[in-house]
Amino acid sequence: FQIYTAMSIKKTETQAYQLIREEKEFEIRYYPSATMAMITSSSKNYKELGNSGFKKLAGYIFGGNNDKKQIAMTAPVHMEIGDSVSSMSFVMPANYNKENLPLPNNSEIILKSSPDEYVAVIQFGCFASNKIIEKKTAILESALKKNHLSYYGHFRYLGYNPPYQLLGRRNEIIVAIHWENK
């Protein structure tokens, strides 16, 4: 079952990006704009945000919209955990934009376009937790400082796997960086 799950996940559409540079501890990527369905929350950690946000967003793509249309699940799921406001976003399949997506039935869901951005990325396996996310964030922040790269905004968590997948898990911490002049 786990081998089948890992193979079927490889067929899931993933958010497009261009690898710009590989460092020992992290990568630099360019992400073009993508269409996302997003919820905001007062949640202060990964577990709280994941529990409340996922159900709402999954409801939207599984038919909770004005067209009762099912929208394919993509990867990764984006989570940005802030001090007062946090958000969770599902990347919409590439053939959708804000104009051709059905409207959500849940008024808490916002359809938006993400900005084009350069990001620094650190990958890790296993199941994510608040503690692991904090640890990997600190590692990425330290590596950026060591390499004299400035960043802005919150560090974000990207999750690529369904909760029932045990093997071959992929998680990432990303943060936007100033890169245009490099």
Side-chain angles (χ1 to χ4, degrees), residues 9-10 12-41 43-54 57-58 61 73-94 96 110-163 165 168-182:
I9 296 304
K10 289 183 182 197
T12 301
E13 181 181 334
T14 58
Q15 185 178 4
Y17 67 84
Q18 180 183 359
L19 179 62
I20 301 299
R21 190 161 111 191
E22 281 188 89
E23 295 289 336
K24 181 179 177 185
E25 297 173 294
F26 63 94
E27 295 178 350
I28 304 295
R29 296 179 186 164
Y30 169 73
Y31 279 92
S33 179
T35 304
M36 304 207 177
M38 179 183 83
I39 60 99
T40 57
S41 169
S43 300
K44 303 276 191 290
N45 64 53
Y46 163 79
K47 187 171 184 174
E48 286 176 14
L49 182 58
N51 288 339
S52 65
F54 194 88
L57 291 169
I61 67 169
M73 183 74 188
T74 64
V77 172
H78 289 243
M79 295 174 76
E80 182 173 332
I81 301 162
D83 296 330
S84 58
V85 177
S86 297
S87 67
M88 176 183 261
S89 303
F90 281 8
V91 178
M92 296 293 99
Y96 285 104
I110 299 164
L111 302 177
K112 68 174 200 122
S113 296
S114 65
D116 295 342
E117 64 181 346
Y118 289 90
V119 298
V121 181
I122 187 171
Q123 289 190 26
F124 60 100
C126 73
F127 281 91
S129 68
N130 294 323
K131 187 175 183 177
I132 291 170
I133 289 171
E134 288 172 13
K135 179 181 175 186
K136 297 299 182 179
T137 298
I139 291 169
L140 180 56
E141 185 174 26
S142 176
L144 292 174
K145 287 178 181 175
K146 185 170 70 175
N147 285 275
H148 308 288
L149 291 171
S150 63
Y151 59 89
Y152 59 95
H154 291 106
F155 286 80
R156 293 170 273 164
Y157 165 76
L158 305 184
Y160 287 81
N161 310 101
Q165 183 178 343
R169 296 189 65 78
R170 177 181 173 191
N171 304 285
E172 297 174 341
I173 301 295
I174 71 169
V175 68
I177 60 169
H178 298 285
W179 187 258
E180 291 79 18
N181 298 327
K182 299 284 181 205

Query raised in the report: Is there a side-chain contact between Leu158 and Arg170 (heavy atoms, below 4.5 Å)?
Result: no
Query raised in the report: Within a radius of less than 6.0 Å around CG of Asp116, do more than 12 heavy atoms belonging to other residues, nucleotides or ligands occur?
Result: yes
Query - Verdict with supporting geometry, Lys145 and Glu141, side chain to side chain contact (heavy atoms under 4.5 Å, CB included) - result: CA-CA 6 Å; Lys145 287 178 181 175; Glu141 185 174 26; 3.7 Å; yes
Report task. Please report the shortest heavy-atom distance between His154 and Val175, naming the atom on each side. Result -> O-CG2, 3.8 Å
**Report entry** Any Leu149 side-chain heavy atom under 4.5 Å of Phe26 side chain
**Finding:** yes
Query - Side-chain touch Ile61/Leu57, heavy atoms, less than 4.5 angstrom - result: no
Report summary line: Rounding to 0.5 Å, atoms NZ (Lys146) and NZ (Lys24) come to a distance of 7.0 Å
**Report entry** Steps toward side chain to side chain contact (heavy atoms under 4.5 Å, CB included) verdict (Ile81, Tyr157)
**Finding:** CA-CA 8 Å; Ile81 301 162; Tyr157 165 76; 5.6 Å; no
Query raised in the report: Which residue, Gln15, Arg156, Glu172, forms the side chain to side chain donor-acceptor pair (under 3.5 Å) with His78?
Result: Gln15
**Report entry** Exercise: identify the closest heavy-atom pair between Ala34 and Val91
**Finding:** CB-CG1, 4.3 Å
Query raised in the report: Considering only heavy atoms from C-beta outward, does the side chain of Asn161 approach that of Phe127 to under 4.5 Å?
Result: no
Query raised in the report: So which heavy atom on Ala143 is nearest to which on Glu25, and how close?
Result: CB-OE1, 3.4 Å
Query raised in the report: Counting only heavy atoms not in Lys112, do more than 12 sit closer than 6.0 Å to its NZ atom?
Result: yes
Requested in this report: Quick one: do Asn171 and Tyr160 satisfy side chain to side chain contact (heavy atoms under 4.5 Å, CB included)? Show the steps, please.
Outcome: CA-CA 6 Å; Asn171 304 285; Tyr160 287 81; over 6 Å; no
Requested in this report: Taking Ser114 for its side chain and Ser33 for its backbone only, find out whether a donor-acceptor pair lies under 3.5 Å.
Outcome: no
Query - Nearest heavy-atom neighbours spanning Ala176 and Glu117 - result: CB-OE1, 3.6 Å
Query raised in the report: Ignoring hydrogens and geometry, is there a side-chain-to-backbone donor-acceptor pair from Glu13 to Ala94 under 3.5 Å?
Result: yes
Query raised in the report: Mind checking whether Leu140 and Ile174 have side chains closer than 4.5 Å, heavy atoms only?
Result: no
**Report entry** Point-to-point distance, once rounded to the nearest 0.5 Å, from CH2 of Trp179 to CD1 of Ile20
**Finding:** 8.0 Å
**Report entry** Gap between atom CE of Met38 and atom CE of Met79 - 0.5 Å precision
**Finding:** 13.5 Å
Report task. Decide side chain to side chain contact (heavy atoms under 4.5 Å, CB included) for Phe124 and Ile173; before the verdict, give the C-alpha distance in whole Å, the side-chain angles of both, and the deciding distance to 0.1 Å. Result -> CA-CA 8 Å; Phe124 60 100; Ile173 301 295; 3.8 Å; yes
**Report entry** Parallel, tilted or perpendicular, as decided by the 30° and 60° cut-offs, for the rings of Tyr152 and His178
**Finding:** tilted
Report task. Could you tell me whether Lys47 atom NZ has more than 12 heavy atoms of other residues or ligands within 6.0 Å of it? Result -> no
Requested in this report: Could you check Ile39, Asn45, Leu49 and say which one makes a side-chain contact (heavy atoms from CB on, under 4.5 Å) with Ser86?
Outcome: Leu49
Query raised in the report: About how many Å separate CD1 of Ile177 and CD1 of Ile28, when rounded to the nearest 0.5 Å?
Result: 3.5 Å
